[in-house]
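Since the structure comes first, as structure tokens, the remarks are kept for the end.
We use all heavy atoms of the structure for the numbers below, so side chains are in, but hydrogens, waters and symmetry mates are not. Nothing here was measured: the structure is a model prediction, and the numbers come from that model.
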Amino acid sequence: MTAVAWFRRDLRVADNPILALGGERAVPLFVIDPRLFRPGERRTDELVRRLHGFDAVLAERGGRLRVESGPPEDVVPAVAAEVGAERVVANLDVSPYARRRDEAVADRVSLDGRWGTLVHPPTALRTQSGTPYRVFTPFGRSWFDVGLPEPVDVDADLTGDVGEGLPERTGDPVSEHEAWGRAGAWLAGPIEAYPETRDRPDLDATSHLSIDLKYGSIGPAALARATGTDSGGRHAFVRQLAWRDFWAQLLWHHPETVTEPLNERFADFPWRDDPDGLAAWQDGRTGVPIVDAGMRQLAETGWMHNRLRMVVGSFLVKHLLIHWKEGERHFRRLLLDGDVPQNVGNWQWVAGTGADAAPYFRIFNPVRQGERFDPDGAYVRRWVPELADVPAEHVHAPWELGPLERSAIDYPEPIVGIDEGRDRALAAYETVKG
């Protein structure tokens, strides 16, 4: 018997349930969807590097990745018919687009959906009353109580047809071998300090595995098993994988939250239309150093430290009162680890419109955040070199310098006062408080 193993964001062999086929012949397939594939963009370049790395791992096992271009609802059934496959096996996803795509394919060929993209399927955990979770703390308790799934036995017999072949890549290929090398280095020691250092953008103190998880070069369940929970650092790190599942199950049950607030009372919230403010935020020229540093890091690298994601998000939706959808769209376009359920869930959390949301009155003070988590200003100086010579006591609020020193710095004044923005946000949120 033959099955098509349709890969999307699960570019690995190890612990991949769509290759647990009891020795069945499998055609590894990746479809270049023209609606998502944008040549020249950093995210597309990263995907291509991952495809090349994945193909090399398949070759180690005697197979190759078949690559075809076109709408998946046309390509996948056509490949299945060509190779005589009775079914297509794929790891499911929770985004509305992915669900529509898979439903269109399933209308034309048998689709065997599995969940190698998450630790637990989005319908696996429920409250005592049988409803989906909307608060992380009880979800997290249940997630840990259930335990981790057993590793899968990868035993498919892989075919070697490459189809139209891989797109040309820029940069070195990236496979699960490189991903597990990063994971091994992280687990060998740095993870133990994770609870104390995770919020410090000036330190290289996080795993940098989010992009590997995004493309599935590492499976989340395998990473959780390899990490364990026998120390504070390890438990805190695995808890982030539980958060990942939490946002996925939330979007699965509430697909409308891609564009609409989960909390319906925010449907008429008085967001401001401020194109200039949005552009200044996107470009890292708000005049608020820690915000600008984070946005410049994102623009240059496709990644941003998690603490800074919260700080810049809060500044956009609260100090500037710009709709969270603008921030979510910008992050989704630029982040190499951009993941729809996490992106939407976290933006709604920051905005106070979603599940387990930050209270409306929780407004990050970007100056205090900088002073606390970048105490010497090293992070700001790296990404905002205009402030390289500003002493630490003023680097997060250069407007407090004396007139002579301030005039020597080519850096803008804040586009909104820190206190002014907070007061305006509180007034706006009072209109929907309930």
Taking the side chain from [X] and the backbone from [Y], do they hold a donor-acceptor pair closer than 3.5 Å?
X: R200; Y: D202; value: no
X: R42; Y: A299; value: yes
X: R61; Y: G63; value: no
X: E176; Y: V13; value: yes
X: R8; Y: N91; value: yes
X: S210; Y: D337; value: no
X: T431; Y: A428; value: yes
X: S142; Y: P138; value: no
X: D292; Y: T286; value: yes
X: D374; Y: V380; value: yes

- Message: Could you check whether R50 and S217, counting side-chain N and O atoms only, form a donor-acceptor pair closer than 3.5 Å?
- Response: yes

Do [X] and [Y] have side chains that get closer than 4.5 Å, going by heavy atoms?
X: W383; Y: T301; result: yes
X: R244; Y: W247; result: no
X: T257; Y: L250; result: no
X: I363; Y: S314; result: yes
X: F373; Y: P201; result: yes
X: R182; Y: S207; result: no
X: W6; Y: V105; result: yes
X: R198; Y: F237; result: no

Any carboxylate oxygen within less than 4.0 angstrom of a Lys/Arg side-chain nitrogen, looking at [X] and [Y]?
X: R101; Y: D33; value: no
X: R406; Y: E413; value: yes
X: R49; Y: D172; value: no
X: E103; Y: R100; value: no
X: R272; Y: E326; value: no
X: D15; Y: R225; value: yes
X: E164; Y: R66; value: no
X: R368; Y: E371; value: yes
X: R332; Y: E328; value: yes
X: D10; Y: R114; value: no

- Item | F269 and F266 aromatic ring geometry - parallel, tilted or perpendicular at 30°/60° bounds | tilted

- Task: Report the relative orientation of the aromatic rings in W347 and F331; use parallel for angles under 30°, tilted for 30 to 60°, perpendicular for over 60°.
- Result: perpendicular

Ignoring hydrogens, what is the shortest heavy-atom contact between [X] and [Y]? Give both atom names and the distance.
X: V384; Y: P289; result: CG2-O, 3.9 Å
X: I322; Y: D274; result: CD1-O, 3.8 Å
X: L241; Y: P220; result: CD1-O, 3.7 Å

- Query: side-chain contact (heavy atoms from CB on, under 4.5 Å) between T206 and W303: does it pass, once the steps are laid out?
  - Reply: CA-CA 12 Å; T206 58; W303 187 84; 3.9 Å; yes

At what distance, to the nearest 0.5 angstrom, does [atom1] of [X] lie from [atom2] of [Y]?
X: L11; Y: L51; atom1: CG; atom2: CG; value: 5.5 Å
X: S175; Y: E60; atom1: OG; atom2: CD; value: 7.0 Å
X: D93; Y: D102; atom1: CG; atom2: CG; value: 8.0 Å
X: F364; Y: M310; atom1: CZ; atom2: CE; value: 5.0 Å
X: L65; Y: L58; atom1: CG; atom2: CG; value: 6.0 Å
X: Y133; Y: L125; atom1: OH; atom2: CG; value: 6.5 Å

- Message: Would you say the rings of Y194 and W186 are close, in the sense that their centroids are separated by under 6.0 Å?
- Response: yes

- Are W243 and F136 near enough that their ring centres are under 6.0 Å apart? yes

- Task: Look at atom CZ of R126 and say whether more than 12 heavy atoms of other residues, nucleotides or ligands are closer to it than 6.0 Å.
- Result: yes

- Row check, W252 ring normal vs R99 NZ/CZ: under 6.0 Å, within 45°: yes

- Chi angles and distances behind the side-chain contact (heavy atoms from CB on, under 4.5 Å) call for F144, V238: CA-CA 9 Å; F144 278 102; V238 172; 3.8 Å; yes

